[in-house]
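Remarks on the structure that follows.
Because the structure is a prediction, the values reported are computed rather than measured. Sequential numbering from 1 along the given sequence is applied to the chain's residues.
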Amino acid sequence: MKEDLHLNPIRRALISVSDKNGIVELAQKLSRIGVEIVSTGGTRRVLTEAGLPVIGVSEVTGFPEILDGRVKTLHPRIHAGLLAVRDEEEHIRQLNEHNIPLFDLVVVNLYPFEETVAQPRVTREAAIENIDIGGPSMVRAAAKNHRYVTVVVDPDDYGTVLDQAAQGGVRQETRERLAAKAFRHTAAYDALIAQYLTENAGESHPEKWTVTFNKAQDLRYGENPHQPAAFYRDPLPRKGTLAEAEQLHGKALSYNNINDANAALEIVSEFDRPAAVAVKHMNPCGVGVEETAAGAFRKAYESDPVSIFGGIVALNRTVDLETARKMKEIFLEIVLAPDFEEEALAVLKEKKNLRLLRLGEFPDERKAAPRIQTVSGGALIQAEDKKRIRREDCTVPTRRKPTEEEWEQLLFAWKVVKHVKSNAIVLARNSRTVGVGAGQMNRVGAARIAVEQAGKEAVGSVLASDAFFPMKDTVETAAQAGVTALIQPGGSIRDQESIDEADRRGLAMVFTHTRHFKH
């Protein structure tokens, strides 16, 4: 492609930054090539102390900075110099009439609102004080007028601008790219402020949904090699989430790794006792609860020794040496846990490609972000499914009531089934899954898959269903396999058929009155 020679010579720069990394070096190099520098309060002080000739904004505007610095650049003598169309004779005439200087370069980054609200005990007053007004106005003005003005909001771009300025001017294609980046910068800034204020106001579904994410990394590809992909983080850190996890070892995470690891984290977070979850393709293939991390992992492994191969494992306890030795025996893609003992870490690091993720702590469910699902031309937004079912929330419509052991297993299976793709059936016994039927087009089909997977272990197990039984066939399938108790939401117009079949077979059945579809 023919090189674009439409250049923007840099003669006068306006610099006002909150993040002062690299700003002295930038100003020094601009000064060496003859650029006049205009600056504001704190930035001007830093540059002056470095021995640089700097003109204060007040010298340009003829008006002092007032209201503790809230008003300094919001002035016609600044914004006219940013917005003038230089090919318009009338614009230039007006600038000359009022002796207003033109700005060729604007270097601005904004008050640290993101860093402020990320602090654990930040006050609302501190957050409000860190909402920048003048900065975004200058950035937007310069970006709008990028045909004549170069705007820089990221210190990573200082080098490119300096190189081109020293060679006669900043190229048009660079100005266009930087202008787009500038508008992303201010849009993200405003979106974060809107998000913060909306959450503080307690609005869950406002008339406009504004969110922003920061790019964490490019991914090799998405679900498949022909799909480009990247991973983005919520700028408001949510501790214990996958986005905040520290990778201690192994290859870079892939798109599918991240999805599966998040699914594993959501499931293992359901349990208070030591738990381990193995996930394949967004569904649990094994879940175990025990008194130790090693015992929980053993149960998760025994749930499905075949499917766990190449899977993702999450634990809600620190990985100790015993657990690490058991994990090392099989091929796993990822292990994520709150922490790893040093000896355990050394054992697992012997597996070159195994990804190890340290969570530090588990997420605060009270601060769970809404779930966003894009669709063609729009998005669906809902609260996360964080509802926990207790025994007292349930009713028992059958003649036989669950035993204490069955109650424990039913509630265990219920925690798992809410994370299995619908239609979903989970069989469990001895605090581990023995059969999982996921993502089937009819419920009895999911039940048959779970029963087949469980084999002999279906005898004496319990069954959980994410939604009600539309007919009695699931109860029949469960009874024939040796299941002794069932838990389901209830609510079908044909509930009585399932209740009568359970009574006829001597099964106990529990209604939770809560559905857990997961598509």
A quick test of your reading: do over 12 heavy atoms of other residues, nucleotides or ligands sit less than 6.0 Å from CD of E203? yes
Ignoring hydrogens and geometry beyond distance, is a side-chain donor-acceptor pair present between T43 and S16 at under 3.5 Å? no
Is a salt bridge present between E270 and R388, judged by a nitrogen-to-oxygen distance below 4.0 Å? yes
I'd like to know if the side chain of S303 reaches the main chain of R432, judged simply by a donor and an acceptor atom lying under 3.5 Å from each other, with no hydrogens or angles considered. no
Atom of A261, atom of I312 and distance for their closest heavy-atom approach: CA-CG2, 3.8 Å
Given 3.5 Å as the limit, does a donor-acceptor pair link the side chain of S31 with the main chain of A27, or not? no
Cationic N near anionic O, under 4.0 Å, E329 to R325: no
Other residues, nucleotides and ligands only: do more than 12 of their heavy atoms fall within 6.0 Å of CZ on R140? no
Can you confirm whether more than 12 heavy atoms, excluding those of R124, are under 6.0 Å from its CZ atom? no
Cationic N near anionic O, under 4.0 Å, D320 to R317: no
Residue from K421, K518, R443, K415 passing salt bridge (charged side-chain N to carboxylate O under 4.0 Å, His left out) with D466: R443
Going by heavy atoms in the side chains, are D87 and R147 under 4.5 Å from each other? yes
Residues T210, Q195; criterion side-chain hydrogen bond (donor to acceptor under 3.5 Å, both in side chains); working and verdict: CA-CA 7 Å; T210 55; Q195 182 182 343; over 6 Å; no
Do N214 and E114 have a side chain donor and acceptor closer than 3.5 Å? yes
Would you kindly say whether K387 and T514 are connected by a side-chain donor-acceptor distance under 3.5 Å? yes
Would you say R177 has more than 12 foreign heavy atoms packed within less than 6.0 Å of its CZ? yes
Passes side chain to side chain contact (heavy atoms under 4.5 Å, CB included), Y221 versus Q227? Steps please. CA-CA 6 Å; Y221 51 80; Q227 295 172 268; 5.6 Å; no
For the pair N423 (side chain) and Q440 (backbone), establish whether a donor and an acceptor sit closer than 3.5 Å, ignoring hydrogens and angles. yes
Should the pair R371-D385 be classified as a salt bridge under the 4.0 Å nitrogen-to-oxygen rule? no
What do the steps show when you test N8 against Q172 for side-chain hydrogen bond (donor to acceptor under 3.5 Å, both in side chains), and what is the final call? CA-CA 7 Å; N8 166 218; Q172 180 177 329; over 6 Å; no
Ignoring hydrogens and geometry, is there a side-chain-to-backbone donor-acceptor pair from Q247 to H249 under 3.5 Å? yes
With a 4.0 Å cut-off on N to O distance, would you call R358 and E246 a salt bridge? yes
Crowding at CZ, R220 (>12 non-hydrogen neighbours, <6.0 Å): no
Could you tell me whether the side chain of D104 and the main chain of R11 form a donor-acceptor pair under 3.5 Å? yes
For the rings on Y111 and Y189, is their centre-to-centre separation under 6.0 Å? no
Close aromatic pair by centroid cut-off 6.0 Å: H519 and F517: yes
Would you confirm whether T150, through its side chain, and L105, through its main-chain N or O, come within 3.5 Å as a donor-acceptor pair? no
To the nearest 0.5 Å, how far apart are CG in L52 and CG in L26? 10.0 Å
Atom NZ of K181: over 12 foreign heavy atoms under 6.0 Å: yes
Under the side-chain hydrogen bond (donor to acceptor under 3.5 Å, both in side chains) criterion, do N257 and R355 qualify, and how do the steps go? CA-CA 10 Å; N257 287 157; R355 302 159 176 93; 3.1 Å; yes
Ring centres under 6.0 Å, that's the criterion: do F271 and F412 meet it? yes
Do Q164 and T174 have a side chain donor and acceptor closer than 3.5 Å? yes
Under a 3.5 Å distance rule, please check whether R12 uses its side chain to pair with a backbone N or O of L102 as donor and acceptor. yes
Please check if the side chain of R233 supplies one atom and the backbone of A216 the other of a donor-acceptor pair under 3.5 Å. no
Under the side-chain hydrogen bond (donor to acceptor under 3.5 Å, both in side chains) criterion, do T160 and D157 qualify, and how do the steps go? CA-CA 5 Å; T160 299; D157 294 313; 5.2 Å; no
Exam field: side chain R175 to backbone H146, donor-acceptor pair closer than 3.5 Å: yes
Using atom types as modelled and distance alone, determine if a side-chain donor or acceptor of H281 lies under 3.5 Å from a backbone N or O of D260. no
